[in-house]
Amino acid sequence: MIRMRNGAGIAVTALAAGAAVLGMSTAAYAGSNSPVSISKDRGARGNFLHGGDTFTVSDLSKDGKSAALKFSWRKGNEGGGATIWNSRGSGTTRKMVVNVPEGATVTTQACAGNVSTQKPRNCGSTTQGTA
């Protein structure tokens, strides 16, 4: 048995308790990026990047159309979504950060269309990631 003087035993006990709490920390949730979606006319592409909850939409064609990325997320009974438009022209990419709850399923779909009518057309495949 070790005897400590001058409160050293309290310090050792506190240090051991702190180490035990650190050892019980939970692991961070590992999200996943969505694969890239490309519009049917190959004029737009986009996806979701889980690090930073960032959506990207790129205009790939000098066709007079804007690139659009339709997205939605769902976690339990909660959900949301929108369409992000990139009307900056061919060769440009627009990024938007959206606070998506950790662990939510995120779907994306790249489209092309006229931003003034807000009607995405020629939408490509739907892709899925996790926030």
Side-chain angles (χ1 to χ4, degrees):
M1 180 171 181
I2 301 173
R3 296 188 65 139
M4 298 183 189
R5 297 180 191 206
N6 299 331
I10 294 171
V12 170
T13 302
L15 183 60
V21 169
L22 288 175
M24 292 188 297
S25 65
T26 59
Y29 187 85
S32 62
N33 298 339
S34 71
V36 172
S37 175
I38 299 175
S39 63
K40 287 181 183 176
D41 64 0
R42 306 192 86 46
R45 66 175 274 163
N47 73 319
F48 168 73
L49 304 171
H50 79 92
D53 292 347
T54 304
F55 293 88
T56 66
V57 58
S58 301
D59 191 326
L60 305 176
S61 180
K62 293 181 182 181
D63 57 5
K65 298 176 191 169
S66 296
L69 183 70
K70 298 192 310 185
F71 77 89
S72 64
W73 63 266
R74 175 126 336 258
K75 182 175 183 183
N77 293 329
E78 295 182 287
T83 299
I84 302 168
W85 288 89
N86 176 5
S87 58
R88 298 176 183 156
S90 178
T92 63
T93 298
R94 180 171 179 205
K95 295 180 181 182
M96 180 177 275
V97 175
V98 177
N99 188 16
V100 179
E102 190 171 294
T105 299
V106 179
T107 59
T108 60
Q109 186 177 35
C111 309
N114 186 332
V115 69
S116 64
T117 64
Q118 297 287 300
K119 292 184 179 177
R121 303 271 191 239
N122 297 313
C123 297
S125 62
T126 300
T127 62
Q128 185 173 298
T130 306

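Since the model is a prediction, treat every value here as computed from it, not as a measurement.
- Between Leu69 and Phe48, the closest side-chain pair of non-hydrogen atoms is not below 4.5 Å.
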- Apply side-chain hydrogen bond (donor to acceptor under 3.5 Å, both in side chains) to Asn47 and Thr56, showing your working. CA-CA 6 Å; Asn47 73 319; Thr56 66; 2.9 Å; yes

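- From Cys111, atom SG reaches atom CG of Asn122 across 8.5 Å, with rounding to the nearest 0.5 Å.
- If you run side-chain contact (heavy atoms from CB on, under 4.5 Å) between Val100 and each of Val106, Thr130, Thr105, only Val106 comes through.
- In terms of heavy-atom proximity, Ala104 sits nearest to Trp73 at CB-CE3, 4.0 Å.
- Remark: the backbone N or O of Glu102 is paired with a side-chain donor or acceptor of Lys75 at under 3.5 angstrom.
- The stretch residues 38-57 participates, sequence neighbours left out, in these salt bridge (charged side-chain N to carboxylate O under 4.0 Å, His left out) pairs: Asp41-Lys65.
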Side-chain polar contacts of residues 83-90 - donor-acceptor pairs under 3.5 angstrom, sequence neighbours left out - could you list them?
residue : atom : partner : partner atom : Å
Trp85   : NE1  : Gln118  : OE1          : 3.2
Asn86   : OD1  : Arg88   : N            : 3.1
Asn86   : OD1  : Thr92   : OG1          : 3.3
Asn86   : ND2  : Val57   : O            : 3.2
Asn86   : ND2  : Thr92   : O            : 3.0
Asn86   : ND2  : Thr92   : OG1          : 3.2

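- One N or O on the side chain of Thr127 and one on the backbone of Pro35 form a donor-acceptor pair closer than 3.5 Å.
- Ala67 approaches Ser58 most closely through the heavy-atom pair CB-O, 3.4 Å.
- In this structure, Ser37 contributes its side chain and Ser125 its backbone to a donor-acceptor pair below 3.5 Å.
- If you take OG1 on Thr126 and NZ on Lys70, they are separated by 7.5 Å, rounding to the nearest 0.5 Å.
- Scanning both residues, Ala68 and Ala44, for their nearest heavy atoms gives N-CB, 4.4 Å.
- In this structure, OG in Ser72 is found 9.5 Å from CD in Gln109, a value given to the nearest 0.5 Å.
- Judged by distance alone, the side chain of Asp59 and the main-chain N or O of Ser61 form a donor-acceptor pair under 3.5 Å.
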